[in-house]
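Below, all heavy atoms of this structure are taken into account, side chains as well, without hydrogens, waters or symmetry copies.
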Amino acid sequence: MEFPVFKTKAEGKAKKFNLNDPKERGAYFNYKAGTEIKKLSKYFDGGNSFVAYLVGKKSSGKGTYSKMFAEVIAPDKIEHFSVGDMIRGVDLELKDPKKKKELVSFLEKNYRGWHEVSDLVKLLEARSTKVLLPTELILTLVKREIEKRPKKTIFIDGFPRDLDQINFSLFFRDLINYRRDPDLFILISVPRNVIDERIKFRRICPKCQTSRNLTLLPTSKVGYREGKKEFFLLCDNPACSAVEMMPKEGDDKGIAPIEERLKKDDMLLGEAAKLHGIPKIFLRNAIPKNKAKSLVDDYEITPGYSYKWDAKKKKVEIQEKPWVVKDDEGKDSYSLMPPPVVVSMIKQMVKVLGL
């Protein structure tokens, strides 16, 4: 499926911003989408809200884009929640007798499906992460999350995960317009190679859990082991005292362990794009390299990082250049930094809401 290409390049002489700096990032958004930001801010100040369903491959940036949108527009009026986090929260509730009783009571009043509530509770308590929970149970739990946020805009991440032998439109019919405010899909396209590199070179601080990437988003402190001839990142959070950041177990395999998940995500993305009766916003992580000059400013392109060890100075030299990645059709592309993708979301959102 071909996603439309969105232009964020400034006309005339462009200003340059450091998109990793929060203050400069704020100035960037005002520069690129100031008019649209004012319209959206007015929309939320007027007590309006919407429910957005984020649909995209695993690690496509769903949480990043929605949280950055909230940061720019109205942090106190917009929330992101993932179905995965929701289920993990239910796991904790089941261990607390009082909260378990409240959960069971909610299910008894709201669940509609083919299972006894007592059986659902047993299923939740003994569940395997490899087995998907019944669709109608997920629907009921998502309703519960929506009820917890009565006047907030909600970005729902990780829903749906499977067609579950139900027509796709029927799958959503029980939630669409559950609240009397607009519902929309945010569809995210990202090349598999981008996801692969994000996973393979991801590094996590074991102390503060900060996540970075050896080739795409390094810290300000890079170390080198001469014996093994390998570079590593040191957490630059002052509270961590330069703790070495480590890969998560299995990250070295990249997307190999999640191939089936990615195929299913692709199928769901295609089905969501064909669904009638609900507005859609199309976001793409990457753009063709040969069109980049006319579409984006240089600093909006994700940089790639490589390292060189200066044995004389005993110092790591960091080299930066635009990261070229093959898209799913094998064409050279540039991956975009999150802010320009969010600029396209902001501008499309204004049109979808009719502001």
Item to check | Of P340, P339, P338, the residue whose pairing with L336 passes side-chain contact (heavy atoms from CB on, under 4.5 Å) | outcome: P340
Checklist entry - Would you say R25 and E71 make side-chain contact, with heavy atoms under 4.5 Å? => result yes
Checklist entry - Do side-chain atoms of N30 reach the backbone of G34 as a donor and acceptor pair under 3.5 angstrom? => result no
Checklist entry - OG of S49 to NZ of K152: how many Å apart, nearest 0.5 Å? => result 11.5 Å
Checklist entry - Mind checking whether I195 and I287 sit in one hydrophobic cluster, side chains of I, L, V, M, F, W, Y counted as touching below 4.5 Å? => result no
Next on the checklist: Check whether K347 reaches the backbone of A33 with its side chain - one donor and one acceptor, N or O, closer than 3.5 Å.
Outcome noted: no
Next on the checklist: Atom NZ of residue position K148 - does it have more than 12 heavy atoms of other residues, nucleotides or ligands inside 6.0 Å?
Outcome noted: yes
Checklist outcome for this item: Value for CD1 (I255) from CD1 (I258), rounded to nearest 0.5 Å, stands at 6.5 Å
Checklist entry - Taking all atoms of both residues into account, what is the closest heavy-atom pair of C208 and N237, and its distance? => result SG-ND2, 3.8 Å
Checklist entry - E136 side chain to G113 main-chain N or O, any donor-acceptor pair under 3.5 Å? => result no
Checklist entry - Can you find a pair of side-chain heavy atoms, one from V117 and one from V104, that are under 4.5 Å apart? => result yes
Next on the checklist: With a 4.5 Å cut-off on side-chain heavy-atom distances among I, L, V, M, F, W and Y, is there a chain of contacts connecting I186 to V350?
Outcome noted: yes
Item to check | Presence of salt bridge, E125 and K100, under 4.0 angstrom | outcome: yes
Next on the checklist: Is there a side-chain contact between M349 and L355 in this structure, where contact means two heavy atoms from C-beta onward sitting under 4.5 Å apart?
Outcome noted: no
Checklist entry - Can we say D266 and K263 salt-bridge, meaning some charged N sits less than 4.0 Å from an Asp/Glu carboxylate O? => result no
Next on the checklist: Between L137 and H115, is there a side-chain heavy-atom distance shorter than 4.5 Å?
Outcome noted: no
Checklist entry - Is the closest side-chain heavy-atom distance between L283 and I281 below 4.5 Å? => result yes
Checklist outcome for this item: Note: W323 and P303 closest approach over all heavy atoms is CB-C, 4.0 Å
Checklist entry - Do you reckon I138 sits in the same ILVMFWY cluster as V90, going by side-chain contacts under 4.5 Å, direct or chained? => result yes
Next on the checklist: Regarding Q319 and Y305, do their side chains bring together a donor and an acceptor under 3.5 Å, going by distance alone?
Outcome noted: no
Checklist entry - Can you tell which of T64, I156, L54 makes a side-chain contact (heavy atoms from CB on, under 4.5 Å) with H80? => result L54
Checklist entry - So does E147 pair up with R144, basic N to acidic O under 4.0 Å? => result no
Next on the checklist: Under 3.5 Å, is there a donor on one side chain and an acceptor on the other for S335 and N285?
Outcome noted: yes
Checklist entry - If you look at every heavy atom in D183 and P279, which pair is closest and at what distance? => result O-CD, 3.3 Å
Checklist entry - Is the closest side-chain heavy-atom distance between M246 and F232 below 4.5 Å? => result no
Checklist entry - If two hydrophobic side chains count as joined below 4.5 Å and joins carry through other members, does V51 share a cluster with V55? => result yes
Item to check | 4.5 Å side-chain heavy-atom contact, L234 and V243 | outcome: no
Next on the checklist: Is there a path of hydrophobic side-chain contacts, each under 4.5 Å between heavy atoms, that joins F201 and I199?
Outcome noted: no
Checklist entry - Under the salt bridge (charged side-chain N to carboxylate O under 4.0 Å, His left out) test, which residues partner R203, sequence neighbours left out? => result none
Item to check | Test item: S66 side-chain N/O and K62 main-chain N/O as donor-acceptor pair under 3.5 Å | outcome: yes
Checklist outcome for this item: Nearest heavy-atom contact between S220 and D236 is N-OD2, 2.9 Å
Checklist entry - How far does OG of S344 sit from CZ of R284, to the nearest 0.5 angstrom? => result 10.5 Å
Item to check | Side chain to side chain, Y299 and L19, heavy atoms closer than 4.5 Å | outcome: yes
Next on the checklist: Between K7 and E11 (salt bridge meaning N to carboxylate O under 4.0 Å), is one present in this structure?
Outcome noted: yes
Next on the checklist: If you count heavy atoms of other groups shown closer than 6.0 angstrom to CD of E116, is the number above 12?
Outcome noted: no
Item to check | side chain to side chain contact (heavy atoms under 4.5 Å, CB included) between V324 and K289, intermediate numbers included | outcome: CA-CA 8 Å; V324 179; K289 181 183 175 184; 4.3 Å; yes
Next on the checklist: Restricting to non-hydrogen atoms, name the atom on S60 and the atom on I188 that form the minimum distance, rounded to 0.1 Å.
Outcome noted: O-CG2, 3.7 Å
Next on the checklist: Can you classify the ring geometry of Y53 versus F185 as parallel (below 30°), tilted (30 to 60°) or perpendicular (above 60°)?
Outcome noted: perpendicular
Checklist entry - Which heavy atom of T219 sits nearest a heavy atom of C235, and at what distance? => result CG2-CA, 4.3 Å
Checklist entry - Can you tell me how far the CZ atom of F282 sits from the CD atom of Q348, to the nearest 0.5 Å? => result 8.0 Å
Next on the checklist: Could you check, using the six-membered ring where one of them is a Trp, whether F155 and F69 have ring centers closer than 6.0 angstrom?
Outcome noted: yes
Checklist entry - How are the rings of Y224 and F231 set relative to one another: parallel (under 30°), tilted (30 to 60°) or perpendicular (over 60°)? => result tilted
Checklist entry - Any idea how F44 and F50 line up, ring-wise: parallel (<30°), tilted (30 to 60°), or perpendicular (>60°)? => result tilted
Item to check | Residue of the set K207, R212, K221, R225 for which salt bridge (charged side-chain N to carboxylate O under 4.0 Å, His left out) holds with E244 | outcome: R225
Next on the checklist: Quick check on D298: does its CG atom have over 12 non-hydrogen neighbours (other residues, nucleotides or ligands) under 6.0 Å away?
Outcome noted: no
Item to check | Ion pair check, K77 and D45, cut-off under 4.0 Å | outcome: yes
Checklist entry - Taking 4.0 angstrom as the limit, do K274 and E271 come out as a salt bridge? => result yes
Next on the checklist: So that I can tick it off, tell me whether R149 and E145 are bridged by a salt bridge, with the cut-off set at under 4.0 angstrom between side-chain N and carboxylate O.
Outcome noted: yes
Checklist entry - Once you round to the nearest 0.5 Å, how far does CG of D196 lie from NZ of K200? => result 4.0 Å
Next on the checklist: Surrounding NZ of K9 (heavy atoms of other residues, nucleotides or ligands, distance under 6.0 Å), is the total greater than 12?
Outcome noted: yes
Checklist entry - Does R192 come within less than 4.0 Å of D265, counting only side-chain N to carboxylate O? => result no
Checklist entry - Strictly by modelled atom types, are T153 and E79 linked by a side-chain donor-acceptor pair under 3.5 Å? => result no
Checklist entry - Is there a side chain to side chain contact (heavy atoms under 4.5 Å, CB included) between I301 and M337 once you walk through the steps? => result CA-CA 6 Å; I301 296 169; M337 296 281 281; over 6 Å; no
Next on the checklist: Determine whether V325 and D332 satisfy the following criterion, side chain to side chain contact (heavy atoms under 4.5 Å, CB included), listing intermediate values before the conclusion.
Outcome noted: CA-CA 6 Å; V325 62; D332 283 347; over 6 Å; no
Checklist entry - Going by atom types only, do Y28 and E300 share a side-chain donor-acceptor pair under 3.5 Å? => result yes
Item to check | Steps toward side chain to side chain contact (heavy atoms under 4.5 Å, CB included) verdict (T140, R112) | outcome: CA-CA 8 Å; T140 306; R112 302 289 182 272; over 6 Å; no
Checklist entry - When rounded to the nearest 0.5 angstrom, what is the spacing between OG in S105 and NZ in K109? => result 4.0 Å
Item to check | Short side-chain to backbone donor-acceptor contact, R198 and S59, under 3.5 Å | outcome: yes
